[in-house]
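Data first, discussion second: the structure below is written as structure tokens.
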Amino acid sequence: MAYKNIEEFSSMHLDVLREIGNIGSGNAATALASLLNTVVDIEVPVISLVSYDKVADYLGGKNVKALGMTVDLEGDIHGCMLEVVHLDFVKQLINTFYPKEITDLTMIDDMDISVVREMSNITTAAYVNSIAAMTQLFINIKPPDSYCDSVSSLVSIPAEKLSRSYDEPVLYIDEKLHIGTTEINSGLILVLDSKSIQILFQKLGMPFL
């Protein structure tokens, strides 16, 4: 029987999700360091289960403009990961590759977007691969799509893709990265359809009763 609401997740369910997040963040740091050719450290991420109607507040606020990168998950489970990055993150990331003065997200061009998209592809793949490794599930990810909009509009994209109710939980991953001497933050959410959540925890030996 599938879960019905966020209260059905136990502390053990959340502990397993945190372990997946810890493994994913370590893999992401290694891959990003190679991409950027500099030292990248990711602190142990803060991982929470958040109801969908509240997750925009965790990602910077409903009306704040940001870049959103979505990656669709296919295979044994179906879902979507959304990474939300703000102006300070974009500036630091792009200037790691080439100098550019960026004071507003409207100044971002196609080359800039490709840089952010590649970063997002690395970080989301790291988390998805950690899920696949722990569950032995086959999970394929599509190339990321990019959006520039308010946070509230960005978080609605996975819900619309998966026909998710806004009172259902999503996994929120708060990342704090140190790129060289600069500290920046990004936020990710993992959204799975109800059947996929059940499959995930069955594979982890913790089905919902």
Side-chain angles (χ1 to χ4, degrees), residues 17-18 20-33 35-36 40-50 52 54-62 64-74 78-94 96-97 102 105 108 112-132 139-162 164 169-179 182-192:
L17 293 175
R18 288 195 179 105
I20 290 171
N22 292 340
I23 295 171
S25 66
N27 293 339
T30 300
L32 284 174
L35 173 70
L36 302 175
V40 176
D41 290 317
I42 301 181
E43 295 185 14
V44 175
V46 177
I47 298 176
S48 311
L49 284 170
V50 183
Y52 214 124
K54 296 179 181 178
V55 74
D57 294 330
Y58 285 72
L59 292 168
K62 295 180 180 180
V64 175
K65 193 170 185 178
L67 285 182
M69 306 287 160
T70 62
V71 173
D72 293 337
L73 282 60
E74 300 178 327
H78 296 270
C80 179
M81 286 199 79
L82 166 70
E83 182 162 17
V84 174
V85 295
H86 295 277
L87 179 61
D88 58 343
F89 190 118
V90 174
K91 288 164 58 176
Q92 173 66 24
L93 183 63
I94 290 171
T96 302
F97 288 93
I102 302 171
L105 289 176
I108 303 299
D112 304 330
I113 288 291
S114 68
V115 171
V116 182
R117 188 182 291 124
E118 179 61 22
M119 176 279 303
S120 184
N121 192 45
I122 287 173
T123 54
T124 52
Y127 286 105
V128 172
N129 289 340
S130 67
I131 294 173
I139 309 173
N140 185 48
I141 60 173
K142 290 186 174 181
D145 294 319
S146 58
Y147 307 86
C148 185
D149 212 327
S150 67
V151 171
S152 62
S153 295
L154 294 175
V155 299
S156 71
I157 295 170
E160 292 169 0
K161 284 176 177 282
L162 300 170
R164 283 288 300 273
V170 299
L171 182 67
Y172 165 69
I173 304 168
D174 183 15
E175 283 189 331
K176 183 176 291 184
L177 298 88
H178 298 268
I179 299 177
T182 304
E183 178 182 294
I184 51 180
N185 287 76
S186 75
L188 297 88
I189 61 172
L190 171 62
V191 185
L192 300 174

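Along the sequence shown, residues carry numbers from 1. Basis for what follows: all heavy atoms, side chains included, without hydrogens, waters or symmetry-related copies.
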Q: Would you check if Asp149 and Leu67 make a side-chain contact, meaning some heavy-atom pair closer than 4.5 Å?
A: no
Q) Taking atom CG of Asn121 and atom CD1 of Ile141, what is their separation to the nearest 0.5 Å? A) 5.5 Å
Q) Under a 4.5 Å cut-off applied to non-hydrogen side-chain atoms, are Met81 and Thr70 in contact? A) no
Q | Among Leu49, Leu59, Leu190, Leu188, the one residue meeting side chain to side chain contact (heavy atoms under 4.5 Å, CB included) with Tyr172 | A | Leu59
Q: Find the distance between CZ (Phe97) and CD (Glu118) and round it off to the nearest 0.5 Å.
A: 8.0 Å
**Q.** Closest contact, heavy atoms only, Thr96 versus Gln92
**A.** OG1-O, 2.7 Å
Q | Flag, side chain of Asn129 to backbone of Ala125, donor-acceptor distance under 3.5 Å | A | yes
Q: Answer yes or no: is there a side-chain heavy-atom contact under 4.5 Å between Ile131 and Ile139?
A: yes
Q) If you look at every heavy atom in Val71 and Pro144, which pair is closest and at what distance? A) CG2-CB, 3.8 Å
Q.
Can a donor-acceptor pair be found, under 3.5 Å and without considering hydrogens, that links the side chain of Tyr52 to the backbone of Ala159?
A. yes
Q: Please say which of Leu82, Leu171, Val170 ends up in a side chain to side chain contact (heavy atoms under 4.5 Å, CB included) with Val191.
A: Val170
Q.
Side chains of Lys62 and Ser150, heavy atoms from C-beta outward: is any pair under 4.5 Å?
A. no
Q | CA sep, side-chain torsions, deciding dist, call: Val128, Leu73, side chain to side chain contact (heavy atoms under 4.5 Å, CB included) | A | CA-CA 8 Å; Val128 172; Leu73 282 60; 4.1 Å; yes
**Q.** Asp72/Lys161 salt bridge by N-O under 4.0 Å criterion
**A.** yes
Q | Gap separating the SG atom of Cys80 from the CD atom of Glu160, nearest 0.5 angstrom | A | 11.0 Å
(Q) Under a 3.5 Å threshold, yes or no: a donor from one side chain and an acceptor from the other, between Ser156 and Ser153? (A) no
Q | Ile94 vs Ile108 side-chain heavy atoms within contact, under 4.5 Å | A | yes
Q: Using distance alone, with no hydrogens and no angle criterion, decide if Glu83 and Thr124 have a side-chain donor and acceptor under 3.5 Å apart.
A: no
**Q.** Gap between atom CD1 of Ile189 and atom OG of Ser48 - 0.5 Å precision
**A.** 12.5 Å
Q) Minimum heavy-atom separation for Leu105 to Val90, with atom names? A) CD2-CG2, 4.1 Å
Q | Side-chain heavy atoms of His86 within contact of Val64, under 4.5 Å | A | yes
Q) What are the two closest non-hydrogen atoms of Asn27 and Ala126, and how far apart are they? A) CB-CB, 4.0 Å
(Q) Using the rule given for side chain to side chain contact (heavy atoms under 4.5 Å, CB included), can you reason through Tyr127 versus Ile173, listing the C-alpha separation, both sets of side-chain angles and the distance that settles it, and then say yes or no? (A) CA-CA 10 Å; Tyr127 286 105; Ile173 304 168; 3.7 Å; yes
Q: Can you see which heavy atom on Arg117 is nearest to which on Met69, and at what distance?
A: CA-SD, 4.0 Å
Q | Given Val116, Val85, Asp88, the one that forms side chain to side chain contact (heavy atoms under 4.5 Å, CB included) with Leu93 | A | Val116
Q. Of the non-hydrogen atoms in Val84 and Ala66, which two are nearest, and what is the gap between them?
A. CG1-CB, 3.7 Å
